[in-house]
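First the structure, in the form of structure tokens, and then the observations on it.
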Amino acid sequence: MRACPPILLVEDNPQDVDLTLRAFQRRKLANPILVAWDGEEALAWIPRWEAGETLPAVILLDLRLPRIDGLTVLRTLKTHAALRRIPVVVLTTSKEDHDIQSAYDLGANSYIVKPVDFNNFMDVAQQIELYWCALNKVEK
Amino acid sequence: MNSCKSEIRAGIGRQFPDRIPWQPHYHDRNESIFPQVRFKIRGSLYLLAVFEEMKNIYLAPGSANHCSTRAYNHNTKEGESRFQTAFEYATVGISIVSPEGRWLRVNRKLCAILGYTQDELMALTFRDVTYPDDLKKDSDNTRHLLGGEVSTFSMEKRYIRKDGGVIWANLQVSLVRKADNTPDYFISVIEDIQRRKKAEIALQESREQLKLFIEYAPAALAMVDHEMRYLACSQCWRSDYGLHGRDLLGVSHYEIFPEISEEWKAIHRRCLAGETIRAEEDRFVRADGSVQWLRWEVRPWYQGGAISGIAMFAEDITSRKHSELVLQQLNIDLEERIANRTAELKALNQSLEGFVYSVSHDLKAPLRGIEGYSRLLEEDYTDRLDDEGRLFVRNIRTGVRRMNELIDDLLAYSRMERRHLESAVLDLSMLVKQEIEGFREEIAANGVEIIADLPPLLVNGDRDGLAMALRNLLENAIKFSRHAAHPRIEFGFVHDDEYITLWIRDNGIGFDMKYSERIFELFERLHRQETYPGTGIGLALIRKAVHRMGGEIRAQSTPGEGATFHLRLPRALEKTATVMEP
């Protein structure tokens, strides 16, 4: 059995990062979690993946990010010949139609609104883990 | 007979000194010498001879050089009757009139012209049948004739027919004198010229009309001949070109306007060659520098198929053009203002969108932190908190939930304000059924009786907006009738040609009608959070959605007796008609 591929969390809010880590921890998630604190850091992973580093099982992407916003990160990933098959789940606060449509138009694999209620958030974390890390077989 | 001959000869010599048009003529080559007069009828020369005391009158075509009675032997009965016939059936009216004016002999044609029988006419004088206005001239002429001043006269005059009608005739009169030179009788030839005269009058009238028409035309009009000489022009033309009081007839256009441009001369030449040239609007700078706008046209006019000159038309459209330009400028200004306003609104809208974006993204993040950490505190540190501490944490989390609901509802309201509505034909009764289905659990839990027996109700509206409105109304009805002994929610409708009004009635707590408007305002609430929780946004959201669909919502209630909400929406007319058919 190969080592579990990581999950890349792109999130600038430390509390959100902390709560997300805790939610995954409580659900006993096996995948290691990498954090990119803004869009720039997220895109900095691209050369490393191109160089052969293990691809993430899923990228959890916030839209509202400093420096480079989430939609730009999404567009860059989804237009990258080799990396466009990495599942990207937009995990954000906005319910605005405009945001949802833009995300799907750019190729987001899923769009999840972060629930305020922590219990609900833990449910979401579990679903993400189940669907994107355990069930979903990404082409290598 | 011979003595008679010489008498006649002498008489004729006296009577007809003029040769034209009444040319006395006699000859005795075959012993038939009688006074003869020549006269012209419609350009042809005729001979008239009267002899044997007017018993015989001779009329025959003749010529200036050759006329003769030779062919007719007056001594024979046959000859007499032929002369008689010629007189009687002549195509002109002929009469012999006494010096006093009495008719002595009249022919058939004259009777026909005047509409009398011979006997009737013989009983009258020429004065009786002469049109009063022409009588004096006729009498004067006759007097001159009797006085020997003239030997003959001819005039155009009017006669009054027996039927009262007035006719124009050409009268030629000659006087025959006796041997002693006293007047014997008049010979009058009367030609009916009514048709010619009518045509002349009509022509004159139409000329007058045309002249008036041109003169008073409310446009500058002028007609010139081939040499550009004026034939006619309107008063407008004179006033427009400062030609008041000048007699333009026969004067050349170029003489009046010596400074006229070569361009115009070229246009005139082209039109004289058969072209019609016009301009809908043409700008001219006048001598004083002011600008004049003209609409003009120059076209040839024809006579007998050939170009005889040109007609010129010009209309000063300066004031109209000025108004147009002003209007155009106003439109440009207006468009600019609209563009500016649109840009302002767009900017405003963008800042609003930015605001909403911030709210939806940023406002909830700290809330999530508070919620998450208070939850962790409650779960992981519950043993280190006392009862009061745990109550505080719960209160924090209740506040967070409320804040979350508020933000959600506010964003929903803002979305409703900004989103593009899809207008579709929707069946209200179907939407009601769906929403009832969505509340099945609450309805069952609260034991609510639902009465919603609706026929298809087709309206024009936005599906999501309408579903949201119905959902909120139903939610309210359930919420506020929860404490009734037997909660009941009833749906019904009324309609007219334009609208369908759906009503939803509950038997809940109701409200005072003084709040019937306020409840639709944002954040307006009538109850405490503990009894009936809510954000105070629901009804405002409904009204926003319904207004945007062209509908209305209003509420009716008596405290303690439930509330009724009336939702009025534009009816989908065509579809309704097809639904009504079986």
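Every chain is numbered from 1 and lettered A, B, ... according to where its sequence line falls, protein lines coming before strand lines.
Formation of a donor-acceptor pair under 3.5 Å by the A:Lys78 side chain with backbone atoms of A:Arg85 is not found in this model.
Heavy atoms from other residues, nucleotides or ligands lying under 6.0 Å from NE2 of B:His566 number more than 12.
A salt bridge does not link B:Asp380 to B:Arg375: none of the charged side-chain nitrogens sits closer than 4.0 Å to a carboxylate oxygen.
Heavy atoms closer than 4.5 Å to chain B are found in the side chain of A:Asn13, but not in its backbone. Residue contact with chain A, scored on non-hydrogen atoms closer than 4.5 Å, is absent for B:Arg401. If you measure heavy-atom distances from A:Asn119 to chain B, the contacts under 4.5 Å come from both the backbone and the side chain.
The most heavy-atom pairs under 4.5 Å with chain B, out of A:Asp18, A:Val116, A:Leu63, A:Asp16, come from A:Val116.
A:Asp62 and A:Thr92 share a side-chain donor-acceptor pair at under 3.5 Å.
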